[in-house]
Amino acid sequence: MTDQIKITLPDGSSREVASGTTPAQIAADIGPGLAKAALAARIDGEIRDIMRPLEVDTELALITSRDEEEALELARHDYAHVLAEAVQALWPGTQITFGPSTDDGFYYDVMAPKGREPFSMDDLPAIEEKMREIIKADKPLRREAWSRADLIAKWESDGEKFKSEWAAELPEGEELTVYWSGDDWMDMCRGPHLASTGKLDPKAFKLMRVAGAYWRGDQRNEQLTRIYGTGWLNKKQLNAHLHRLEEAAKRDHRKLGQEMDLFHLQYEAHGSVFWHPQGFVIWRELEAYMRRAIDGAGYQEVKTPQIMDAKQWEQSGHWGKYRENMFVVPDEVPSVEDDAPLVTGDADMMAIKPMNCPAHVLIFKQGIKSYRDLPLRIYENGCCHRNEPHGALHGLMRVRQFTQDDAHIFCREDQIVEEVRKFCELADRVYNDFGFTYSVKLALRPDERYGSDEDWDKAEEELRQAVIDAGMANEEYGWEELPGEGAFYAPKLEWHLTDAIGRTWQVGTIQSDRVLPERLDASYIAEDGERHRPIMLHRAIFGSYERFIGILIEHYAGKLPLWLAPTQAVVATIVTDANDYAEKVAERLRAEGIRVEADLRNEKINYKVREHSVGKIPNILVVGMREAEEGKVALRQLGQKEQQFLTLDEAVTLLIEEARAPDLKG
RNA sequence: GCUGCUGUAGCUCAGUGGUAGAGCGCGUCAUUGGUAAUGACGAGGUCGAGAGUUCAAUUCUCUCUAGCAGCACCA
């Protein structure tokens with residue numbers, strides 16, 4: 001044990017210490033300030049406890065609160081443990097399971113003791129108080145290695161069935177570690193942890209909410225109570241975060257949708273959107289934009305039936321794998337008798353389309369297609385209905401009726417990578433036009449699927465290759481592969497955007513599908529004169545108009561770019577004598593294609609300016625007698641206090657230029 | 001679908017075992033005012049739906065339904 005080891009520090013210096021020395025001792029050796037500030041150690045790139053002895057030559061970097069990312073991660077993980085300890089201290093018999101850190105804090109999944117209700121919001125203050133006690137007690141967090149058998153025995157004797165189940169599944173022979181908090185509480189954990197609970201700031205966390213969560217993420221398992229907290233290094237950070245959440249709530253598209261009179265939802269059609277005139281303006285602009293985009297990219301637009309015979313859905317495979325999400329319609333005249341059953345029960349069934357793909361294959365199959373026709377790109381603003389689980393519905397983001405900017409590209413095998421690459425570039429252009437940054441993910445084969453493993457291998461590799469070709473398979477584009485997340489018929493590339501409070505939503509997608517052309521027997525005649533199967537690429541960029549508009553509203557906090565703003569300008573009068581001139585100004589702008597309203601109400605100009613500013617009207621053109629006499633307008637743009645005095649012609653030119661869609665700008 | 005919470009005027013929200021209130025908005029009247037709220041008066045509610053307890057339920061209990069957060073599922 002007297003072996004000397006060599007420790008290399010980040011500044012390049014090195015020192016010889018006895019094997020078994022801890023990073024904490026080295027920190028103390030360097031200086032008392034560092035000893036106090038050091039939270040953990042980076043050992044050859046891996047974060048470790050500061051009290052864990054060093055055994056071999058290593059590169060060592062000490063982590064302090066200045067290494068914010070690492071420090072937050074450590075602190076949040078510790079908060080989670082303290083949370084679990086607090087809950088068990090307050091309610092003995094509570095079973096503990098897992099408690100990781102999250103993007104802004106931590107959570108822990110627990111099972112309330114038998115005979116007790118699941119924990120609720122009302123329990124949070126008491127838990128927070130207990131957590132503060134544990135933090136203030138400054139209990140040392142001590143790492144200890146256990147044998148698997150001992151640990152299972154320990155969990156079983158403690159009645160921790162979730163923990164023992166998990167321990168039993170960890171690989172045989174792997175060293176299992178536990179962390180003691182003082183001498184009276186422990187949890188199985190890989191670590192690392194801070195040296196003691198006192199390293200946490202008792203004022204830098206807050207328990208936020210409770211929710212149900214399934215054991216091991218599987219809805220067939222028991223449901224646990226998940227207690228969420230947000231955790232930071234100090235109170236200032238916590239307050240800043242809470243403030244951010246308040247700000248984010250103001251951007252919520254459901255709230256803004258109501259305030260701006262864009263749309264509404266009501267229970268008679270729950271999960272389907274009632275678009276109001278103002279909101280539908282945005283939709284129409286998006287539709288026009290997308291038509292320009294696909295016209296330029298060699299697509300052809302179609303429109304297909306809303307309802308098709310169940311036999312068609314059986315053949316496509318949807319009936320087998322997707323039926324629980326479909327709205328089914330009996331193909332029968334309903335009974336008009338008051339007391340007779342509405343339908344007979346042996347009616348033939350039809351279904352409202354949950355997807356557009358089969359219909360597009362049916363269009364492809366009309367006539368004989370040659371290899372010269374490929375790639376054939378068929379686009380539809382396709383209105384789909386899916387009977388989603390009720391708990392999944394969320395404003396515009398997740399609805400039961402939605403319209404996809406859906407297209408299917410029928411192509412040859414050797415055209416796939418190129419088509420997917422072109423799509424990546426088209427999608428990139430579109431998201432950039434809207435000011436979004438996105439992340440690209442590859443969702444790989446799910447457990448339940450159609451098609452052979454060889455086809456899945458090929459399909460996954462093609463998508464991967466296309467993204468590499470497009471130069472997007474890297475961190476800048478949030479590139480990531482997601483095992484098991486693909487559709488039942490194909491792997492998916494997914495484009496994710498982020499909403500106001502940091503949740504991400506999939507919008508765009510492209511999927512290379514060999515299954516559906518096979519099932520629906522689509523073919524083309526190749527150069528060899530034989531029939532061949534085309535590959536089918538399913539793709540969307542907005543994903544759905546509904547979701548895309550929801551994200552747009554949140555992204556811009558309602559202050560949409562001028563070309564999307566439902567009302568682009570209001571002409572507001574100061575005195576009624578200026579009404580005629582105001583009408584003339586509005587008339588002129590309207591004739592130039594600007595969406596403008598005249599506000600001639602008998603209200604003070606202060607009142608009108610306030611109301612239209614609150615209503616996020618991008619341009620207010622104030623006109624009084626002075627403007628009327630000089631043929632001018634006083635233009636006040638949203639977010640600016642200054643006004644510009646312009647001639648009507650100047651104002652028209654300015655607004656037309658600013659209202660141009662990004663793809664139409666020079 | 002699961003767990004927890006919530007549902008009172010168009011909106012935001014108070015409140016009560018004896019059938020309700022504020023602010024904003026809306027309407028009428030007065031006011032013609034230079035860039036974020038002019039004043040007065042007035043109209044609006046089966047207190048989410050159904051059942052139960054009670055002399056009496058918007059209030060307590062249960063069921064349903066919708067919304068919110070999360071889980072699970074997904075564009």
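Throughout, a chain's letter reflects where its sequence line sits, starting with A, and its residues are numbered from 1. No hydrogens, no waters, no symmetry mates; every other heavy atom, side chains included, goes into these values.
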Describe the nucleic acid contact of [X] in one word from base, sugar-phosphate, nothing, applying a heavy-atom distance below 4.0 Å.
X	value
Glu627(A)	base
Tyr228(A)	sugar-phosphate
Val622(A)	base
Lys255(A)	nothing
Ala572(A)	nothing
Gly217(A)	sugar-phosphate

Establish, with yes or no, whether the OP1 or OP2 oxygen of [N] is under 4.0 angstrom from a side-chain nitrogen or oxygen of [X].
X	N	value
Arg636(A)	rA36(B)	yes
Lys608(A)	rA37(B)	no
Arg254(A)	rA69(B)	yes
His394(A)	rG70(B)	no
Tyr607(A)	rG39(B)	no
Gln643(A)	rU35(B)	no

Sole residue of His394(A), His496(A), His253(A) in ring pair (Phe, Tyr, Trp, His ring centres under 6.0 Å) with Trp505(A):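 For Trp505(A), the ring pair (Phe, Tyr, Trp, His ring centres under 6.0 Å) test succeeds with only one of His394(A), His496(A), His253(A), which is His394(A).
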
Using the ring centroid of each side chain, check whether [X] and [Y] are separated by less than 6.0 Å.
X	Y	result
His270(A)	His390(A)	yes
Phe436(A)	Phe548(A)	yes
Tyr489(A)	His538(A)	yes

Those residues of residues 381-392 of chain A lying under 4.0 Å from RNA chain B by at least one heavy atom: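 Listed by number, they are Arg386(A), Glu388(A), Pro389(A), His390(A), Gly391(A), Ala392(A).
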
Plane angle bin for Trp166(A) and Trp215(A) - parallel if under 30°, tilted between 30 and 60°, otherwise perpendicular: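 Trp215(A) and Trp166(A): perpendicular rings.
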
Lys/Arg-Asp/Glu bridge criterion (N-O < 4.0 Å) met for [X], [Y]:
X	Y	answer
Arg244(A)	Glu247(A)	no
Glu287(A)	Arg284(A)	no
Lys441(A)	Glu485(A)	no

[X] [atom1] to [N] [atom2], straight-line distance once rounded to whole Å:
X	N	atom1	atom2	result
Met355(A)	rA75(B)	CE	P	7 Å
Met625(A)	rU32(B)	CE	P	15 Å
Arg610(A)	rG33(B)	CZ	P	23 Å

Quick check: any donor-acceptor pair below 3.5 Å linking the side-chain of [X] to the base of [N]?
X	N	value
Tyr214(A)	rG1(B)	yes
Thr576(A)	rU32(B)	yes
Arg226(A)	rC71(B)	no

Closest-nucleotide 5' rank along RNA chain B - winner of Gln219(A) and Ala487(A):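 In this pair, the answer is Gln219(A).
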
Straight-line distance of Glu460(A) CD to Leu493(A) CG, nearest 0.5 Å: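 Rounded to the nearest 0.5 Å, the CD-CG separation comes to 10.5 Å.
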
Separation of Thr304(A) OG1 from Asp406(A) CG (nearest 0.5 Å):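 So the CG of Asp406(A) and the OG1 of Thr304(A) are separated by 9.0 Å.
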
Contact list (N/O, under 3.5 angstrom) for nucleotides 11-14 of chain B vs protein:
from	atom 1	to	atom 2	distance (Å)
rC11(B)	O3'	Gln258(A)	OE1	3.2

Watson-Crick or G-U pairs under 3.5 Å in RNA chain B, rendered as dot-bracket with [ ] for crossing pairs and | for another strand: (((((((..((((....[..)))).(((((.......))))).....(((((..]....))))))))))))....

Nearest-nucleotide pick for Val210(A), side chain only, options being rC74(B), rG4(B), rG34(B):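 The listed nucleotide nearest to Val210(A)'s side chain is rG4(B).
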
